[in-house]
Participant: 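Structure in structure tokens, see below.
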Protein chains: 2
Amino acid sequence: MTGLRAQQKEKTRQAIIAAALNQLSADRTFSSLSLREVAREAGIAPTSFYRHFKDMEELGLTLVDECGVTLRQLMRSARKRFGENISIIAVSVETFMEFVEHNPNIFRLLLRERSGTSKSFREAVAREVKYFTVELSDYLQQSTQLEPALCQIQAEALVTITFNNGADYLDADPVKRLQLIATTTTQLRFIAHGAAAWQKQSSAH
Amino acid sequence: MTGLRAQQKEKTRQAIIAAALNQLSADRTFSSLSLREVAREAGIAPTSFYRHFKDMEELGLTLVDECGVTLRQLMRSARKRFGENISIIAVSVETFMEFVEHNPNIFRLLLRERSGTSKSFREAVAREVKYFTVELSDYLQQSTQLEPALCQIQAEALVTITFNNGADYLDADPVKRLQLIATTTTQLRFIAHGAAAWQKQSSAH
DNA sequence: AATTTGAGTGTACATGTGTACGCTCAAATT
DNA sequence: AATTTGAGCGTACACATGTACACTCAAATT
């Protein structure tokens, strides 16, 4: 009892999402997309759009949420790859950059709307980044024995660096991409090292 | 021989710039501004705009450049405040956040157009960030004796962290702002500490 | 079999946009 | 004093947008 009707609806809903994602590129902000254009590419009349989303904004928030799901899957897969003969930092960076490489448009959406025009967008992105940060902070806490507050600050720095280098990765050629992975890894190690030293120093004050 | 005519022109040119800056706010991207609207606020006819700028894009690039000038002035003043009884990291963070506080709209412009739609915009912002990074890297090199490559990577990380926390600073209330200054300072120290340790470790390999 | 529902359509409209074109008239140049 | 220049104006146009409204017609419900 799938509901043949509901099935079709879901199908065009996906077509709308796909059309929007497809139009998000290096030179297209989400807010520069038009309802009509998205509808056109999805193969429906402009007014049919409203059967699925109240707004372009509602569509955008859906995309951000979808992105969050993908990112969390990614993190799970990263944890699986860790432990053989590769450090947690290296595997995280590599996995993240793979994500960027395979989902450039949706990553660009996150990147832009993080400091974008719509408050609910900014909040949605902040939420996704927070998931990312909290899980990392928890991981650091159990694996490094550092103070919670320190883990939190450290995690925030790690995420910031990774996220931003991801942005550069988007526009880089293959050679530059390898360099970027190396640079990012080094910068993350700076932070990890510095945080550990910080705790030692302050507890031995 | 100022040219009374040229004086007037400069005046309306500044009016255009002021109007654009004024319209850039938390919920207005540069690309969402319209020529007509800017002209309206500047008190001129839409078509008069073209006497001053070829494009909205040309206006935007002018704003970015103006921002660069302001930023460099800021860095000079930061260096003057250093050395009394405050560390270079602390004074840099404070100065930067002051800049953000006093020029929220222009900082938002930088922030957004960095990953924005127009290539020439992205390049212009990248150029300004690079000035910032290079000067910092030079400073690190002469004051810490670390390898040039290491200084460069370190400077990039420092700038990334500062820039991003500046973005959060924009939307924060006064209490959160003080916290942010403290957090940022700590994160920068992590990096500085980590970079120094990195060099020791690798030279003693 | 009769009725209700709702996804998708097509038409229509008001609004805002960038910019082409020809004008004015005061400042600058000759 | 005569001429040139150019900042600013007003009109006009073609175009794209969001969405209101009344519709169809097949699937779902009764």
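So that the names make sense, note that chain A is the first sequence line, chain B the second, and so on, each numbered from 1.
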Participant: Going by heavy atoms in the side chains, are C67(B) and V69(B) under 4.5 Å from each other?
Facilitator: no
Participant: Side chain of T47(A), heavy atoms from C-beta onward: which of dA20(C), dT17(D), dT11(C) has the nearest atom to it?
Facilitator: dT11(C)
Participant: Quickly work out the F49(A) CZ to dG6(C) C1' distance and round it to whole Å.
Facilitator: 18 Å
Participant: Can you check the Y50(B) OH to dG6(D) C1' distance for me, whole Å?
Facilitator: 18 Å
Participant: Measure from CZ on R36(A) to P on dG10(C) and round the result to the nearest Å.
Facilitator: 13 Å
Participant: Give a yes/no answer on whether the side chain of R13(A) brings an N or O atom under 4.0 Å of OP1 or OP2 in dG8(C).
Facilitator: no
Participant: What is the distance, rounded to the nearest whole Å, between atom CE of M56(A) and atom C1' of dT17(D)?
Facilitator: 12 Å
Participant: Can you confirm whether the side chains of T29(A) and T117(B) place a donor and an acceptor under 3.5 Å from each other?
Facilitator: yes
Participant: I44(B) or L35(A): which one's nearest nucleotide on DNA chain D is closer to the 5' end?
Facilitator: I44(B)
Participant: Rounded to whole Å, how long is the line connecting atom CD of Q23(A) with atom P of dT17(D)?
Facilitator: 10 Å
Participant: Given atom CZ of F53(B) and atom C1' of dG18(C), what is their separation to the nearest angstrom?
Facilitator: 17 Å
Participant: Strictly below 4.0 Å: does S48(B) bring a side-chain N or O up to OP1 or OP2 of dC9(D)?
Facilitator: yes
Participant: Taking only side-chain N and O atoms of R40(B), does any of them lie within less than 4.0 angstrom of OP1 or OP2 on dT17(C)?
Facilitator: yes
Participant: Kindly indicate whether the side chain of R51(A) and the base of dG8(C) share any N or O donor-acceptor pair separated by less than 3.5 Å?
Facilitator: yes
Participant: Salt bridge or not for R81(B) and E98(B), using N-O below 4.0 Å?
Facilitator: yes
Participant: Please figure out whether L4(B) or L33(B) has its closest DNA chain C nucleotide nearer the 5' end.
Facilitator: L33(B)
Participant: Given dG8(D), is OP1 or OP2 found less than 4.0 Å from the side-chain N or O atoms of T12(B)?
Facilitator: yes
Participant: Between K9(A) and E37(B), which residue's closest nucleotide on DNA chain C lies nearer the 5′ terminus?
Facilitator: K9(A)
Participant: With both distances kept under 3.5 Å, what pairs with dA27(C), Watson-Crick or G-U wobble?
Facilitator: dT4(D)
Participant: Are S118(B) and E113(B) linked by a side-chain donor-acceptor pair shorter than 3.5 Å?
Facilitator: no
Participant: Q23(B) vs E37(B), test: side-chain contact (heavy atoms from CB on, under 4.5 Å). Steps then yes/no.
Facilitator: CA-CA 9 Å; Q23(B) 290 180 17; E37(B) 212 173 347; 4.0 Å; yes
Participant: If you check the R5(B) side chain, which of dG8(D), dC21(C), dA7(D) turns out closest?
Facilitator: dA7(D)
Participant: Give the rounded distance in Å between these two atoms: CG of D55(A) and P of dA20(D).
Facilitator: 11 Å
Participant: Just call it for S34(B): base, sugar-phosphate, or nothing, with non-hydrogen atoms closer than 4.0 Å on any strand.
Facilitator: sugar-phosphate
Participant: Establish, from distance only, whether the side-chain atoms of N164(A) and T162(A) form a donor-acceptor pair under 3.5 Å.
Facilitator: no
Participant: Let me know the distance between CD of Q7(A) and C1' of dA7(C), rounded to the nearest Å.
Facilitator: 15 Å
Participant: Name the pairing partner of dT15(C), where a pair is Watson-Crick or G-U wobble with both distances under 3.5 Å, or state none.
Facilitator: dA16(D)
